[in-house]
Amino acid sequence: MVTSNAENLVADHDDNLEALMRQSLTGDQRAYATLLQATSRLLRPFLSKRLYSASEVDDLLQEILISVHKARHTYDGNRPYKPWLYAIAKFRLQDHLRAHYADQLRHAEDFDELEESLHEAVTEPVMSYESISGEVQKLPEKQATILRLMHEDGYTAKEVAAKTGMTESAVKVAAHRAYKVLRERLER
Amino acid sequence: MSDIDDLVAQLAREAAPVQPAPHPLMLSLQWMGAAAIYLTVTLAVSGLRPNLPEHLHSPWFVAELVALLAVFIVTSISAALLAFPDLHQRRRLALAPVLFFAAFLLVMLYAWQADNPPAPLPVHSFECTVSITLMTLLPALWSFYSLRKYASTHPGLTGGIALLSAFSVGALWLRLHEANDSIAHVIEWHYLPMLAIGFIGLWLGRRLLKW
């Protein structure tokens, strides 16, 4: 099988990424394609370790390859290629993670709103704890215990937290989830 | 064919010959040359301070000028290195301005101590900051315009350093133009605003040097 010079370069030595880039800068499309393929093989494990889903890895890898393409004039072929490449990869990864977490924050429930909703009655006012205690027992044990302590025994979320060894926030979140489940079941 | 293969094929088709960017030292030399011309022209227009010859015998004045010039040179080199994704693999040199700012601070502290009895404060105050800022505009615009052609992976820091470099040109101009001997005034209205300028540069860099 006949292989191109560019493919031989990569197969022979890793160091030849520099040579491939030098050729690419002169407009050698085959060398450039080989370099970008080698680059994506290098980066995939690096990204996979840092991101959860394969689709995220693919998206970010594409973004990094485009960045390499845009910034290739800042590489002269005389210094190691990998530090240059990883500097770009880390920069794009940071950007991606920043955007990802900012997005998560935007979609996260505002805790103040959550607290307000906890004071609201999730069932009709005429509905007492006793009337739905059967449904409460069907909830997971932790949620059922929290509701029993809060609505049958009259403890506050803080006191329940102290009794169960959970944090106050965790108690409120668990109670909120239990209310949601109860509401859905009772509305059926 | 996967998306990555498609993209690689597409990018390879677009791979025209590319002229590599100049070495960062060459780039910073270009900036320094342009700044030297700018400083010469502005001083020729505005005039040198009348007591400059006698002040050039004052060791602390000369030390201040040398330290400020060193800050300008080092920040120019650092900004040029920071314009490259990998800092041209000269990380220590890119972070050298920290040392030079510390040395500059030390020089100013000694100059302040040596200013005894203190020289009288000039009647003006913030006008000096405004003048330096106005003088800074052109070199700042030029350096940001130039930096946008590169690919900084530290856009905030690059912007901050580039703006400090431009501001030091303005500060040099005013020290050579204004007949003012009060170190307290110089520290307060010439050099302390550098801090704010650095933060503005950081903010501008994050916005203008995205790529």
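Residue numbers begin at 1 in each chain, while the letters A, B, ... track the order of the sequences. Computed from a predicted structure; not experimentally measured.
Residues of residues 83-94 of chain A lying within less than 4.5 angstrom of chain B, judged on heavy atoms, are P83(A), W84(A), A87(A), I88(A), F91(A), R92(A) in numerical order.
To the nearest 0.5 Å, atoms CD (Q19(B)) and OG1 (T26(A)) are separated by 12.0 Å. Between L7(B) atom CG and D58(A) atom CG the span is 10.5 Å, to the nearest 0.5 Å. For the atom pair L11(B) CG and R72(A) CZ, the distance stands at 8.5 Å (nearest 0.5 Å). Note that the CD1 atom of I4(B) and the CG atom of L43(A) stand 9.5 Å from one another [nearest 0.5 Å]. To the nearest 0.5 Å, atom CG of residue N78(A) and atom CD of residue Q89(B) are 11.0 Å apart. Annotation: the span from D86(B) atom CG to T74(A) atom OG1 amounts to 7.0 Å, rounded to 0.5 Å.
Crowding of R44(A) atom CZ: a count of heavy atoms from other residues, nucleotides or ligands under 6.0 Å exceeding 12. The environment of OH in Y110(B) is sparse: at most 12 heavy-atom neighbours from other residues, nucleotides or ligands sit within 6.0 Å. Around atom CZ of R50(A), more than 12 heavy atoms belonging to other residues, nucleotides or ligands sit under 6.0 Å away. With a 6.0 Å radius and a threshold of 12 heavy atoms from other residues, nucleotides or ligands, F101(B) has its CZ atom above the threshold. Within a 6.0 Å radius of CZ in R91(B), other residues, nucleotides and ligands contribute 12 heavy atoms or fewer. Within 6.0 Å of CH2 in W112(B) there are 12 or fewer heavy atoms belonging to other residues, nucleotides or ligands.
The closest side-chain heavy-atom distance from Y32(A) to R13(B) is not below 4.5 Å. The closest side-chain heavy-atom distance from L25(A) to P17(B) is not below 4.5 Å.
Both the backbone and the side chain of E14(B) have a heavy atom closer than 4.5 Å to some heavy atom of chain A. Looking at H88(B), the atoms closer than 4.5 Å to chain A (heavy atoms on both sides) sit in the backbone and in the side chain alike.
Ranked by heavy-atom pairs under 4.5 Å with chain A, the list A151(B), A15(B), A83(B), P22(B) is led by A15(B). Between chain B and the residues T39(A), D95(A), V68(A), L65(A), the most heavy-atom pairs under 4.5 angstrom are made by L65(A).
Contact detail for Y150(B) and H73(A): the closest heavy-atom pair is CA-NE2, 4.0 Å.
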Return a table of donor-acceptor pairs under 3.5 angstrom between the side chains of residues 201-211 of chain B and protein atoms on other chains or two or more places apart.
residue	atom	partner	partner atom	Å
R207(B)	NH1	W203(B)	O	3.2
W211(B)	NE1	S152(B)	O	2.8

